[in-house]
Protein chains: 2
Amino acid sequence: MAKTQSSDEMGTLSSKDLETVIRGADLRPTRQRLALANLLFAKGNRHITAEILHTEALDAGVKISLATIYNNLHQFTDAGLLREVVVDASKSYFDTNTLPHHHFFYDEEQRLEDIPDGQIRVENIPDIPEGYNISEVGVIVRLSRS
Amino acid sequence: MAKTQSSDEMGTLSSKDLETVIRGADLRPTRQRLALANLLFAKGNRHITAEILHTEALDAGVKISLATIYNNLHQFTDAGLLREVVVDASKSYFDTNTLPHHHFFYDEEQRLEDIPDGQIRVENIPDIPEGYNISEVGVIVRLSRS
DNA sequence: GAGTAGTTTAGAATATTTCTAAATTATTGA
DNA sequence: TCAATAATTTAGAAATATTCTAAACTACTC
Ligand SMILES: [Mn+2]
Ligand SMILES: [Mn+2]
Ligand SMILES: [Zn+2]
Ligand SMILES: [Zn+2]
């Protein structure tokens with residue numbers, strides 16, 4: 001079950017399943033890594049910064065350093081469990097939804113939100129230069145209070 | 001003539017015209033500011049970082065500090081002569097094309113390029129929450145060497 | 001359990017950007 | 001033209017996010 005779940009639907013994984021996911025990524029299920037996996041994957045999609053994840057971990061009583069937060073965010077990203085979304089010049093967001101999809105970004109709140117898949121379509125992407133391939137097509141719809 | 005040109009077509013402005021543009025933005029045509037305007041607007045569209053613009057200025061023999069580069073990039077942006085594009089987590093790009101348009105981003109070269117306007121269409125943007133308005137719709141097509 | 005490889009960590013280092021406060025320059029208008 | 005004023009530039013310090021280093025710790029293997 002856990003093996004075939006894509007990362008945009010890991011919303012109901014038990015700690016047991018998370019350990020399986022972590023081992024599947026060739027990583028050891030340490031106390032810190034399991035705690036982060038829980039915060040990230042145990043309840044629906046998230047778009048989160050390193051600093052906020054750190055605060056959440058500390059609030060949950062998990063003793064963990066910021067360096068470990070960064071290490072794990074990158075390891076999860078390399079393993080395809082997360083993806084990095086660049087919307088803000090000053091910090092990176094990590095997204096638990098690794099399927100292709102687009103985003104709303106709420107300027108004032110600095111908050112990222114998925115646009116339900118299938119909603120937006122990008123048409124007429126021009127030919128790309130010889131020797132290149134498209135690695136991602138990302139749409140960001142920026143919203144401000146009106 | 002210069003007065004009505006939009007910033008995506010300032011490719012042929014003389015120094016005289018640039019001074020007019022600068023004064024029109026309520027800024028003083030200082031040596032440094034004119035030099036930067038020349039580098040930015042005198043030859044077609046550009047997507048440039050502060051650091052690279054600084055290097056170009058120094059290479060052109062213009063004595064200018066990095067703080068002044070940042071000051072002017074932000075002043076030009078506030079005046080609507082530039083716009084900031086966020087594609088890379090580690091640095092900001094400033095775009096001389098201020099009309100709505102989309103981008104290719106060449107991952108390896110860290111280079112931004114305009115997608116000719118009218119090419120890409122974004123369809124089916126979902127309803128946005130009450131109290132918000134769309135400030136920008138940006139598409140980034142990331143390209144990597146294949 | 002010993003060995004080893006992976007992990008965590010504090011703290012230092014880096015990189016980009018912004019800030020501060022003082023010196024310089026452009027503008028205004030008497 | 002010149003003095004007064006306001007804008008601009010600048011060096012250097014500071015802020016921020018992120019990465020690196022190297023040592024301590026922990027998980028896994030046999
Ligand atoms: Mn990264
Ligand atoms: Mn800025
Ligand atoms: Zn997302
Ligand atoms: Zn552009």
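Just so it is clear: chains get the letters A, B, ... in the order the sequence lines come, proteins before strands, and each one is counted from 1. Being a predicted model, the structure only gives us computed values, none of them experimental.
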Whole angstrom value for the distance that separates C1' of D:dT9 from CZ of B:F76
14 Å
Tell me the interatomic distance from A:Q110, atom CD, to D:dT16, atom C1', rounded to whole angstroms.
13 Å
CD on A:Q75 to CG on A:L82, rounded to 0.5 Å:
11.0 Å
Quick check: on DNA chain C, is the nucleotide nearest B:R23 upstream (toward 5') of the one nearest B:E51, or the reverse? Name the residue that is more 5'.
B:E51
Send over the distance from A:L73 CG to C:dT7 C1', rounded to a whole Å.
15 Å
Distance in angstrom units between B:Y70 OH and D:dA11 P, rounded
15 Å
Minimum-distance nucleotide (side-chain atoms of B:K91 versus D:dT18, C:dT17, D:dC28):
C:dT17
Using a cut-off of less than 4.0 Å, is there contact between a side-chain N or O of B:Q75 and OP1 or OP2 of D:dA7?
no
Output for pair (B:L34 CG, B:I22 CD1), nearest 0.5 Å, gives 4.5 Å
Measure CD/B:Q32 against P/D:dA11 and give the value in whole Å, please.
10 Å
In whole angstrom, give the distance that lies between atom CD1 of A:I69 and atom C1' of C:dT8.
11 Å
Presence of salt bridge, B:E19 and B:R28, under 4.0 angstrom
no
Which pairs would a plain distance check flag for residues 107-116 of chain A, meaning a side-chain donor or acceptor within less than 3.5 Å of a matching protein atom at least two apart in sequence or in another chain?
from	atom 1	to	atom 2	distance (Å)
A:D107	OD2	B:S135	OG	3.3
A:E108	OE1	A:R145	N	3.3
A:E108	OE2	A:R145	N	3.2
A:E109	OE1	A:R111	NE	3.1
A:E109	OE1	A:R111	NH2	3.3
A:E109	OE2	B:Y132	OH	2.2
A:R111	NH1	A:E113	OE1	3.0
A:E113	OE2	A:Y106	OH	3.2
A:D114	OD1	A:H47	NE2	2.7
A:D114	OD1	A:H101	NE2	2.8
A:D114	OD1	A:H103	NE2	3.1
A:D114	OD2	A:N97	ND2	3.0

Considering only D:dT18, C:dT7, C:dC19, which nucleotide approaches the side chain of A:S92 most closely?
D:dT18
Derivation of the side chain to side chain donor-acceptor pair (under 3.5 Å) call for A:S92 and A:E84
CA-CA 7 Å; A:S92 272; A:E84 205 171 342; 2.8 Å; yes
When you measure from the side-chain N and O atoms of A:S90 to the phosphate of D:dT16, is any distance below 4.0 Å, counting only OP1 and OP2?
no
Side-chain N or O of B:N71 closer than 4.0 Å to phosphate OP1/OP2 of D:dT10
no
For atom CG of A:L34 and atom P of D:dA27, their distance in whole Å:
10 Å
Output for pair (B:I134 CD1, B:I128 CD1), nearest 0.5 Å, gives 4.5 Å
If the condition is side-chain hydrogen bond (donor to acceptor under 3.5 Å, both in side chains), which residues does B:T30 pass it with, not counting sequence neighbours?
none
Given D:dT10, C:dG11, D:dT8, identify the nucleotide with an atom nearest to the side chain of B:L27.
D:dT8
Strictly below 4.0 Å: does A:T68 bring a side-chain N or O up to OP1 or OP2 of C:dT8?
no
Keeping the roles fixed (side chain from B:H74, backbone from B:Y70), state whether a donor-acceptor pair exists under 3.5 Å.
yes
B:Y93 OH to C:dT17 C1': how many Å, rounded?
16 Å
Under 4.0 Å from OP1 or OP2 of C:dT18: is there any side-chain N or O of B:H74 that close?
yes
Quick one: is D:dA7 close enough that its OP1 or OP2 comes under 4.0 Å of any side-chain N or O from B:R33?
no
Can you tabulate the close N/O pairs, meaning under 3.5 Å, that link protein atoms to atoms of nucleotides 23-25 of chain C?
none

